[in-house]
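Positions are given from 1 along the sequence.
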Amino acid sequence: MDKKIIYTDKAPAPIGPYSQAVLVGNTLYTSGQIALNPATMELVLDNIEAETEQVMQNLKALLEAANMTFQNVYKTTIFITNMNDFARINAVYGKYFNEETAPARETVQVAALPKFVNIEIAMMAMK
């Protein structure tokens, strides 16, 4: 099975030894995305809604680089540092999916995330 590295300048450049996303056959695996603005590489931390929106825009850029959309997503993993933010995160996240065909998901509270952000999301998608 072929492995293709997906890269776009419309999502943050990797800040370590990993790829933004990898396409294996028809399956896309994204690295976890945080709220880095790809144009400035500055964090968007105004509030949890703005932070979540930036994360979702970064994921959208990776999906588009692989010729996919959020409709192709079948699994997401959300890491958050404060479960009290769940409803506010969910309100932003939910704008990107059709509720009837939304992907499987888990949301996990963690002690800390890279750069001490409040949210990180990874996705799996299939053509």
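Side chain of Glu49 to backbone of Val92: no donor-acceptor contact under 3.5 angstrom is found. Of the possible donor and acceptor atoms, none in the side chain of Thr30 sits under 3.5 Å from a partner among the backbone N and O of Ala122. Here the side chain of Asn58 pairs a donor or acceptor atom with the backbone of Ile34 at under 3.5 angstrom. A donor-acceptor contact shorter than 3.5 Å links the side chain of Ser31 to the backbone of Ser19. In terms of modelled atom types and a separation under 3.5 Å, the side chain of Asn72 and the main chain of Met126 share a donor-acceptor contact.
Rounding to the nearest 0.5 Å gives a distance of 14.0 Å between NZ of Lys75 and OG1 of Thr27. Put simply, CD on Gln54 and CD on Gln33 are 9.5 Å apart, with the number rounded to the nearest 0.5 Å. The structure places CG of Asn47 at 6.5 Å from CZ of Arg88, a figure rounded to the nearest 0.5 Å. Rounded to the nearest 0.5 angstrom, Glu64 CD and Thr8 OG1 are separated by 8.5 Å. Note that CG of Leu36 is 14.5 Å distant from CD of Gln57, once rounded to the nearest 0.5 Å. In this structure, CD in Glu42 is found 8.5 Å from CG in Asn37, a value given to the nearest 0.5 Å.
A side-chain donor-acceptor contact under 3.5 Å links Thr77 and Glu106. In summary, the side chains of Asn90 and Arg105 do present a donor paired with an acceptor at a separation below 3.5 Å, with no hydrogens or angles considered. Side-chain contact check for Tyr93 and Glu53: no donor-acceptor pair (N or O, by modelled atom type) lies under 3.5 Å. There is a side-chain donor-acceptor pair under 3.5 Å between Glu51 and Asn118. No side-chain donor-acceptor contact under 3.5 Å links Tyr96 and Gln71.
Tracing side-chain contacts under 4.5 Å through hydrophobic residues (I, L, V, M, F, W, Y), one never reaches Tyr18 starting from Ile5; they form parts of separate clusters. Hydrophobic clustering keeps Leu45 apart from Ile78 (ILVMFWY residues linked when any side-chain heavy atoms are closer than 4.5 Å, directly or through intermediates). A single hydrophobic cluster is seen to contain both Val108 and Leu113, as judged by linkage of ILVMFWY side chains at heavy-atom distances under 4.5 Å, directly or through other members.
For the pair Gln20 and Ala11, the tightest heavy-atom approach, listed with the atom from each and the gap, is NE2-O, 3.2 Å. The minimum heavy-atom distance linking Thr81 with Val117 is given by the pair CG2-O, 3.6 Å. The heavy-atom pair separating Ile15 from Met41 by the smallest distance is CG2-CE, 4.0 Å. Nearest heavy atom pair, residue Ile6 against residue Ala66, reads CD1-CB, 4.2 Å. Smallest separation of non-hydrogen atoms from Tyr7 and Pro14: CE1-CD, 4.3 Å. The two residues Pro38 and Pro12 come nearest to each other via the heavy atoms CB-N, 3.6 Å.
Residue-environment remark: NZ (Lys127) exceeds the threshold of 12 foreign heavy atoms within 6.0 Å. Summarising the local packing, CZ of Phe116 is surrounded by 12 or fewer heavy atoms from other residues, nucleotides or ligands at distances under 6.0 Å.
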**OP:** Given side chain to side chain contact (heavy atoms under 4.5 Å, CB included), test Leu59 with Ile121 step by step and report yes or no.
**Re:** CA-CA 8 Å; Leu59 289 162; Ile121 302 176; 3.6 Å; yes

Original post:
For Leu23 and Met68, what are the C-alpha separation, side-chain angles and deciding distance, and is it a side chain to side chain contact (heavy atoms under 4.5 Å, CB included)?
Top reply: CA-CA 11 Å; Leu23 185 65; Met68 294 188 200; 3.8 Å; yes

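No side-chain heavy atom of Tyr29 sits under 4.5 Å from any side-chain heavy atom of Met123. Here the side chains of Leu28 and Val22 are not in contact, with every heavy-atom distance at 4.5 Å or above. In this structure, the side chains of Leu62 and Lys60 stay at 4.5 Å or more apart for every pair of heavy atoms. With a 4.5 Å cut-off on side-chain heavy atoms, Lys115 and Leu43 count as touching. Counting only heavy atoms from C-beta outward, the side chains of Ile48 and Asp85 approach each other to under 4.5 Å. Ile119 places a side-chain heavy atom less than 4.5 Å from the side chain of Ile89.
Applying the ring-ring contact (aromatic ring centres under 6.0 Å, His included) criterion to Phe79, with sequence neighbours excluded, gives no partner residue.
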